[in-house]
Amino acid sequence: MKTLSREEVENIETTNFIESFIKQDMLEQGLDHIVTRFPPEPNGYPHIGHIKACNIDYSMAQKFGGYMNLRMDDTNPLKESIEYENAIIDSLKWAGFKWENVYHASDYYQKMYDCAELLIKKGLAYVDDLDADTLSKYRGTLTRPGIESPSRNRSIEENLQMFRDMKAGKYKDGEVVLRAKIDMASPNINMRDPTLYRVLRATHYRTGDEWCIYPMYDFAHPISDAIEGITHSLCDIEFENHRPLYNWVVNECEFEKKPRQIEFARLNIEGTVTSKRYLRQLVESQRVFGWDDPRMPTVDGLRARGIPSVALRDFVTNVGVTKVDDAVVSPEMLDSCTRNILNNTATRVMVVLDPIKITITNYDGDGEMMTVENNSNDADAGTHEVKFGKHIFIEREDFMMDPPSKYHRLRPDGYVRLRGAYIIKCDEVKTDNQGNVTEILCSYIPESRSGNDQSGIKVKGTIHWVNADDCDDIYVHQYSNLIREGVRFEGDWDTTFNSDSLKVIHAKAEKYVLSCPKGTHFQFVRKGYYYLTTLDEKVVFNSTVSLKEGFKL
RNA sequence: AGGGGUGUAGCCAAGCGGUAAGGCACUAGACUUUGACUCUAGCAUGCGUAGGUUCAAAUCCUGCCACCCCUGCCA
C-alpha cells in the first residue's frame, strides 16, 4: 500500500472539491493514506454511471495513498443475486479498477445487530409495532413535524426483548420495525426516528435463511464504512440529506474512527437513460438483445460496442467531479475520448459499406499486391497486403454525377486516387432506367502506383476500395440512440423507443480483415471505428463511433 | 416549521479578493495517399439577478430568481 509523507500531501495539487477536502483532512489529522470504498448494490448490471462513481473512489485512493475496497451493499435480499455481483466484478475488472478487498454488507450482519442492541441499551432505539401506513402518516410532511409513536416510550428491557424476538422470528414480516429515537420534529425527515431494521423472510444470496431481520441502508452503510476503516465515504448527492443520520449512527454506535461522507453529483448523459428500472424494461421487453446490447449504457454494452476501457475512464475523468446535480454531459465527449484512443490503436482496413462496381478497363494485371500501413500514425503497427484487380467496389457516396465544386471524389471524367493503389479516371457511367448508377468504367494510370508515382497527376481525393474478386462478405451493425431523435424519454418506451436504432449492413471487406482475431478494433478507413465481435457463421462488426466528418455537402 | 443543495460560454468545468484555466462542440487556415489525425488562430468586458463592502469582487455581505433532492419496512 502506498503511503504519503506530510510533505507529499502538502504538494498535491487538488483538482476538485473532494480532493480539497481530503487533502485538508489528511493534513489536519496527520493521515498518510486514505481508504475509500465503492459500494454497489448487486441488483442489476453496472452502467457508465457506476464507472464515474467507482473512478472517483479509485482515483482518490490512487492520488492520496491507500486503497479502495469493493463492497456489495447487499441488505435487500429481495432484489439482489450472485448473478449481479459477478456482473459487477467482471465489469469493474474490465474497466481497469483494482481493489484491496471484496466485502459485503452482509459480512457485518452480526456486528450491525450488536450495534442495534447497543443503541437500544442506550435508549436510542425502540421497537415500533405501528403498522406501515400509520408509521408513514406519523412521519409528518415536508412542512409539518411528525408525531411520536406510542412505542417510543417502551422500556429498554422490553425493547431489548422485542428486538431479540424479532431476530428469533417471533414476528411476522412487517409486523414490527426497529427505529432510532432521534427527533420526530426534525426539519430533516431522515432524522424523524428512521427505521433501522425490518422483519423480512427472504433467502439472501449469501446468508441464506440465517436472518429474518435485515438492516436498512442508513444503518448498514455507516457501520460498514466504520468497520472497514473507510476514511472518506464518497456517494451520490441524493444522500446529502442522510449525512446527519450517517454521522449519528457512527457516533452513537461509538466507533472511534469516523468516516467522512462527501457527496458528488451523478452522471447524466444527454439522450441516455441510466436508470436501472428503465434499462430492465428494455431487456425484458426484448427491445434490445440483453444487458450487453451495444446500444445499452451498461458496461457490458459499451464494451460490446468496442469502447476501450481507457476511453471510458478518460471520459468519466474529463467530466469532472462537482455537486451540480442537473449537469448533463454531451455524449460527444465520450465519442471524442473513444476516437482519441482508437486513433492510436485501431488497425486501418478498407471496407465498402454501400458498394458500387467499378471496372478498370485498361487493367490486365493479375494479383498485384499493394502494401498498406496498418496505422500511419504508428510506425510500429506494421503493414499488410491488399490485392488490386480489374473489378473493384467503391463507396456509392464517393461518386457523384453532378457534384458541387468542392467535391474531391470521383465524378464523370474526373480523377481520384484509390488508396494504396493507382489513380483512376472515370470514363463512362452505366445507369439503369431509373437513373441509378450500376457500374462505372474507369481507366487507371499505370505510372501512378502508390509509393512510386511518376504520373505528375495531382488529385485532391483519395478513396477506399475493395477488390470485387478478392473480398469477404461481412455484416456491420450500425447503432444509433435508443431514444428517437427529437423526443425526450419520460418513462415510456412505447412512445420513445427508436426502432431504427440497429441497422444491419451487408458490406465488403478486404481479405486481411478476417485474418484478425475476434475483439480486434478496426478503423474502416474514412468511415469509422468498428469492433469485430463475431467470427462464427456470420462475421459481425459493431460500429463503435464514426470518424469526424470534415466535409459536408 | 419546512429542510438540504446547485447556478461561470452551446455542453462539461477550473477559479477560493488582484482583473475569466482546460476539454467537448463550433469557425477559419496549414498539412495530408483517411475531407480523419496533427498543427495554428478564433470563440465569456462576462461569472443566475439586484444592491452593498473594497483601490480592486466570479470570489466577501444582503435581498431576490431559477433548478435539483427529501415525507420506503428500497439503496
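Fair warning: this is a prediction, and the values are worked out from it, not measured in the lab.
- Among B/rA75, B/rC12, B/rU33, the nucleotide with an atom closest to any side-chain atom of A/M333 is B/rC12.
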Q. Checking ring pair (Phe, Tyr, Trp, His ring centres under 6.0 Å) for the pair A/Y214/A/Y197: CA distance, chi angles, key distance, verdict?
A. CA-CA 6 Å; A/Y214 289 94; A/Y197 266 95; 8.7 Å; no
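- Judged as a salt bridge (charged side-chain N to carboxylate O under 4.0 Å, His left out), the pairs with a partner in residues 345-354 of chain A (not counting sequence neighbours) are, in order, A/D354-A/R396.
- Between A/S336 and B/rG23 there is no side-chain polar atom (N or O) within less than 4.0 angstrom of OP1 or OP2.
- Between atom CZ of residue A/R192 and atom CD1 of residue A/I147 there is a gap of 10.5 Å, rounded to the nearest 0.5 Å.
- If you check every strand for non-hydrogen atoms under 4.0 Å, A/L130 touches a base.
- Side-chain atoms of A/R417 come within donor-acceptor range of the base of B/rU33, with a qualifying N/O pair under 3.5 Å.
- Between A/D193 and A/R152 there is a salt bridge, since at least one side-chain N of the basic residue sits less than 4.0 Å from a carboxylate O of the acidic one.
- Distance A/N16 CG to B/rG15 P: 8 Å, rounded to the nearest Å.
- Side-chain proximity of A/T195 to the nucleotides B/rA75, B/rC73, B/rA1 is greatest for B/rC73.
- Residues that satisfy the side chain to side chain contact (heavy atoms under 4.5 Å, CB included) test with A/S224, not counting sequence neighbours, are A/R71, A/A105, A/Y108, A/M112.
- Within the structure, salt bridge (charged side-chain N to carboxylate O under 4.0 Å, His left out) contacts touching residues 326-346 of chain A (residues at least two apart or in different chains) do not occur.
- When each of A/S20 and A/A421 is assigned the nucleotide of RNA chain B with its nearest heavy atom, A/S20 is the one assigned upstream, toward the 5' end.
- At the heavy-atom level, A/H242 lies under 4.0 Å from base atoms of the strands shown.
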Quick one: which protein N/O atoms are closer than 3.5 Å to N/O atoms of nucleotides 35-37 of chain B? Pair and distance per line, please.
residue: B/rG35; atom: OP1; partner: A/R526; partner atom: NH1; Å: 2.8
residue: B/rG35; atom: O2'; partner: A/G550; partner atom: N; Å: 3.1
residue: B/rG35; atom: O2'; partner: A/F551; partner atom: N; Å: 3.1
residue: B/rG35; atom: N7; partner: A/R409; partner atom: NH1; Å: 2.7
residue: B/rG35; atom: O6; partner: A/H408; partner atom: N; Å: 2.7
residue: B/rG35; atom: N1; partner: A/K406; partner atom: O; Å: 2.9
residue: B/rG35; atom: N1; partner: A/H408; partner atom: ND1; Å: 3.3
residue: B/rG35; atom: N2; partner: A/K406; partner atom: O; Å: 3.3
residue: B/rG35; atom: N2; partner: A/H408; partner atom: NE2; Å: 3.3
residue: B/rC37; atom: O2'; partner: A/N343; partner atom: ND2; Å: 2.8

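- Checking side-chain atoms of A/D74 against main-chain N and O of A/S106 turns up a donor-acceptor pair under 3.5 Å.
- Nearest to the side chain of A/S450, among B/rU33, B/rA75, B/rG2, sits B/rU33.
- Counting only residues at least two apart or in different chains, salt bridge (charged side-chain N to carboxylate O under 4.0 Å, His left out) contacts with residues 133-144 of chain A are absent.
- Using a 4.0 Å cut-off, no side-chain N or O of A/S186 falls inside it from OP1 or OP2 of B/rG3.
- Contact check of residues 172-184 of chain A against RNA chain B (heavy atom, cut-off under 4.0 Å) returns A/G174, A/V177.
- Position along RNA chain B of the nearest nucleotide to A/T15 versus A/P39 favours A/T15 as the more 5'-ward residue.
- Between A/Y113 and A/F163, the angle of the ring planes stays under 30°, which puts this pair in the parallel group of the 30/60° scheme.
- At a threshold of 4.0 angstrom between heavy atoms, the contacts of A/A265 with the nucleic acid are absent.
- With B/rA14, B/rA75, B/rU71 as the choices, the nucleotide that has an atom nearest any side-chain atom of A/L142 turns out to be B/rU71.
- A salt bridge links A/K323 with A/E240: the distance from a Lys NZ or Arg NE/NH1/NH2 to an Asp or Glu carboxylate oxygen falls below 4.0 Å.
- For A/N374, the side chain to side chain donor-acceptor pair (under 3.5 Å) partners two or more places apart in sequence, or in a different chain, are A/H384.
- A salt bridge is defined here as a Lys NZ or Arg NE, NH1 or NH2 lying under 4.0 Å from an Asp or Glu carboxylate O, and A/R449 with A/E368 meets this definition.
- Of all nucleotides listed (B/rU33, B/rA75, B/rC24), B/rA75 comes nearest to the side chain of A/E80.
- Rounded to whole Å, the distance from NZ on A/K167 to C1' on B/rC73 is 20 Å.
- As a whole-Å value, the separation of A/H464 NE2 from B/rU32 P is 22 Å.
- Looking at RNA chain B, the stems built from 3 or more consecutive Watson-Crick or G-U wobble pairs, each pair with its key distances under 3.5 Å, are B:2-7 with B:65-70, B:10-12 with B:22-24, B:26-30 with B:38-42, B:48-52 with B:60-64.
- Every residue two or more places apart in sequence or in another chain was checked for a ring-ring contact (aromatic ring centres under 6.0 Å, His included) with A/Y415, and none qualifies.
- Look at OH on A/Y126: it is 13 Å from C1' on B/rC73, rounded to the nearest Å.
- The CD1-P distance, from A/I457 to B/rU33, rounds to 15 Å in whole Å.
- The aromatic rings of A/F524 and A/F522 sit tilted relative to each other, their planes meeting at an angle between 30° and 60°.
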Return all side-chain donor-acceptor pairs below 3.5 angstrom for residues 38-50 of chain A, not counting sequence neighbours, or 'none' if the list is empty.
residue: A/E41; atom: OE1; partner: A/N43; partner atom: ND2; Å: 2.9
residue: A/N43; atom: OD1; partner: A/K276; partner atom: NZ; Å: 2.4
residue: A/Y45; atom: OH; partner: A/E83; partner atom: OE2; Å: 2.8
residue: A/H47; atom: ND1; partner: A/G49; partner atom: N; Å: 3.0
residue: A/H47; atom: NE2; partner: A/T274; partner atom: O; Å: 3.0
residue: A/H50; atom: ND1; partner: A/H47; partner atom: N; Å: 2.9

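- One can place CD of A/E19 at 10 Å from P of B/rG15, the figure rounded to the nearest angstrom.
- Taking side-chain N and O atoms only, A/S330 has no distance below 4.0 Å to OP1 or OP2 of B/rC11.
- A/H204 meets the ring-ring contact (aromatic ring centres under 6.0 Å, His included) test with A/Y109; sequence neighbours excluded.
- Spacing of P atoms, B/rA75 relative to B/rU38, comes out at 47 Å, to the nearest Å.
- When heavy atoms are screened at a 4.0 angstrom cut-off, A/G528 is found touching no nucleic acid atom at all.
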Tabulate atom names and distances for all N/O pairs under 3.5 angstrom spanning the protein and nucleotides 4-8 of chain B.
residue: B/rG4; atom: O2'; partner: A/N241; partner atom: OD1; Å: 3.4
residue: B/rG5; atom: O2'; partner: A/E240; partner atom: OE1; Å: 3.3

